[in-house]
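These values consider heavy atoms only, across backbone and side chains, with no hydrogens, waters or symmetry-generated copies. Letters A, B, ... mirror the listed sequences (proteins, then strands); counts begin at 1.
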Protein chains: 2
Amino acid sequence: MDDDKVFRALGDPTRRKLLDLLCEKNGQTLGQLCENLDMARQSATQHLGILEEANLVSTVRRGREKLHFINPVPLHEVYERWVRKFERQRLNLLHDLKKELEGE
Amino acid sequence: MDDDKVFRALGDPTRRKLLDLLCEKNGQTLGQLCENLDMARQSATQHLGILEEANLVSTVRRGREKLHFINPVPLHEVYERWVRKFERQRLNLLHDLKKELEGE
DNA sequence: TTGACATGCAGGTAAATGCTTGCATATTGT
DNA sequence: ACAATATGCAAGCATTTACCTGCATGTCAA
């Protein structure tokens with residue numbers, strides 16, 4: 001997995017909204033997603049491309065339509081490999097702060 | 001919490017590295033952090049400002065120094081409020097995919 | 001086949017982003 | 001006081017980004 005692509009993809013509010021839309025109803029077409037987006041179709045296509053690059057969305061063609069499916073695996077991996085590390089330190093922080101203020 | 005600020009802040013690799021550095025040793029000064037960054041001090045200051053805006057980093061002045069402390073709470077909240085929602089759907093996805101391919 | 005529909009491709013633009021340099025301010029130790 | 005150290009402020013620049021428009025391709029249905 002490419003951490004950087006995932007984080008970058010999540011950094012844009014439109015792309016997070018796309019994931020939200022797919023979470024509500026998975027397998028939507030480009031056209032369906034655009035109806036909720038207030039921007040040109042092509043802009044949405046580009047955002048979806050970035051999500052696909054990050055492996056957060058997979059697509060399947062059905063005739064002239066393109067169906068979009070959310071893939072939560074990279075999100076889970078990011079959480080496991082990156083976020084949890086910081087969570088574990090939560091309880092130490094007050095201690096660290098005290099220590100520093102006392103002059104280390 | 002401001003989801004957008006948190007996600008944007010995490011979208012940059014330098015800022016994630018700063019969090020990594022603070023995770024290894026909490027309470028570092030600006031100067032200490034810069035030693036590991038390969039960019040001008042001022043660039044690091046700007047990144048730290050963005051992390052602070054997102055409430056991912058808190059600072060305390062000690063004389064002429066500025067100590068930086070990581071704050072994992074926003075990370076945890078993002079996970080709870082946003083990531084978990086997608087994880088819960090994991091098991092449904094294969095089913096959704098099948099359904100769509102069969103013609104909905 | 002032909003017209004309507006869904007998406008793909010490519011180039012252009014304005015704004016945001018990341019980084020820089022130069023100078024200012026504030027604190028420390030001698 | 002003064003020199004060294006640590007950080008703050010602000011303007012400038014190059015790249016990236018998000019958005020658009022115009023045209024091309026592919027698919028369906030009558």
Side-chain angles (χ1 to χ4, degrees), chain A residues 2-22 25-54 56-69 100-104, chain B residues 2-22 25-54 56-69 100-104:
Chain A
D2 187 334
D3 277 34
D4 191 53
K5 283 187 181 176
V6 175
F7 277 111
R8 273 190 202 283
L10 296 176
D12 181 87
T14 300
R15 291 193 285 270
R16 290 197 301 278
K17 180 163 187 181
L18 281 167
L19 292 180
D20 273 331
L21 290 169
L22 289 178
K25 177 168 167 25
N26 211 12
Q28 293 188 66
T29 67
L30 174 58
Q32 287 175 307
L33 292 169
C34 282
E35 289 171 15
N36 296 287
L37 274 194
D38 193 39
M39 66 176 57
R41 174 182 53 82
Q42 186 51 25
S43 306
T45 300
Q46 286 169 354
H47 284 301
L48 286 166
I50 289 170
L51 288 170
E52 215 172 334
E53 276 281 310
L56 286 161
V57 162
S58 303
T59 60
V60 176
R61 287 212 76 116
R62 186 179 61 186
R64 62 183 162 184
E65 293 176 318
K66 187 171 188 179
L67 308 180
H68 297 79
F69 295 88
E100 283 295 331
L101 288 177
E102 289 163 1
E104 191 164 12
Chain B
D2 187 332
D3 278 32
D4 191 53
K5 283 187 180 176
V6 175
F7 277 110
R8 273 191 203 283
L10 296 177
D12 181 88
T14 302
R15 291 193 285 270
R16 291 197 302 279
K17 179 161 188 183
L18 280 167
L19 292 180
D20 272 330
L21 289 170
L22 288 178
K25 176 166 167 27
N26 210 11
Q28 293 188 67
T29 67
L30 173 59
Q32 287 176 308
L33 292 169
C34 282
E35 287 170 16
N36 296 287
L37 275 193
D38 194 37
M39 66 177 56
R41 174 181 54 84
Q42 185 53 22
S43 307
T45 300
Q46 286 167 357
H47 284 301
L48 287 166
I50 290 170
L51 289 170
E52 214 172 334
E53 276 281 308
L56 285 161
V57 163
S58 303
T59 60
V60 176
R61 289 212 75 118
R62 186 179 60 186
R64 63 185 161 183
E65 293 175 318
K66 187 172 187 178
L67 308 181
H68 297 78
F69 294 88
E100 283 294 331
L101 288 176
E102 287 162 4
E104 190 164 13

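E35(A) is linked by a side-chain hydrogen bond (donor to acceptor under 3.5 Å, both in side chains) to nothing, counting only residues two or more places apart in sequence or in another chain. Shown here are the side-chain hydrogen bond (donor to acceptor under 3.5 Å, both in side chains) partners of D2(A), two or more places apart in sequence or in another chain: there are none. The side-chain hydrogen bond (donor to acceptor under 3.5 Å, both in side chains) search around K5(A) returns E53(A), not counting sequence neighbours. With sequence neighbours left out, the side-chain hydrogen bond (donor to acceptor under 3.5 Å, both in side chains) criterion links D4(A) to R8(A), R16(B).
Taking CG from L21(B) and CG from N26(B), the interatomic distance works out to 11.5 Å, rounded to the nearest 0.5 Å. Within the model, atoms CG of L18(A) and CG of L30(A) stand 9.5 Å from one another, a figure rounded to the nearest 0.5 Å.
Taking atom CG of residue L33(B) and atom C1' of nucleotide dA6(D), one finds them 13 Å apart after rounding to whole Å. To the nearest angstrom, P of dT17(D) lies 17 Å from CG of L48(A). Taking atom CG on D4(A) and atom P on dT17(C), their separation rounds to 16 Å, with Å as the unit. Separating the CD atom of Q32(A) from the P atom of dA6(C) is a distance of 10 Å, rounded to the nearest angstrom. Rounding to whole angstrom units, CD of residue E53(B) and P of dA16(C) are separated by 16 Å. Between the P atom of dA16(C) and the NZ atom of K5(B) lies a distance of 15 Å, rounded to the nearest Å. Between the CG atom of L10(B) and the C1' atom of dT17(C) there is a distance of 16 Å, rounded to whole Å. Put simply, CG on L67(B) is 13 Å from P on dA6(D), counting in whole angstrom units.
Rounded to 10 degrees, the angle separating the terminal helix axes of the helix from dT1(C)-dA30(D) to dT30(C)-dA1(D), each built from five base pairs, is 30°.
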Protein proximity profile, nucleotides 18-29 of chain C - base contact B, sugar-phosphate-only contact S, no contact -, cut-off 4.0 Å on heavy atoms: SBBB-----BB-
Please list, one pair per line, the donor and acceptor atoms closer than 3.5 Å that link side chains of residues 39-51 of chain A to other protein atoms, with sequence neighbours excluded.
residue	atom	partner	partner atom	Å
T45(A)	OG1	R41(A)	O	3.2
H47(A)	ND1	R15(A)	NH1	3.0

Evaluation steps, side chain to side chain contact (heavy atoms under 4.5 Å, CB included), between L33(B) and H68(B): CA-CA 9 Å; L33(B) 292 169; H68(B) 297 78; 4.0 Å; yes
Given side-chain hydrogen bond (donor to acceptor under 3.5 Å, both in side chains), test E52(A) with T59(A) step by step and report yes or no. CA-CA 8 Å; E52(A) 215 172 334; T59(A) 60; 2.9 Å; yes
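Contact annotation: K66(A) reaches the phosphate of dG8(C) (side-chain N/O to OP1 or OP2, under 4.0 Å).
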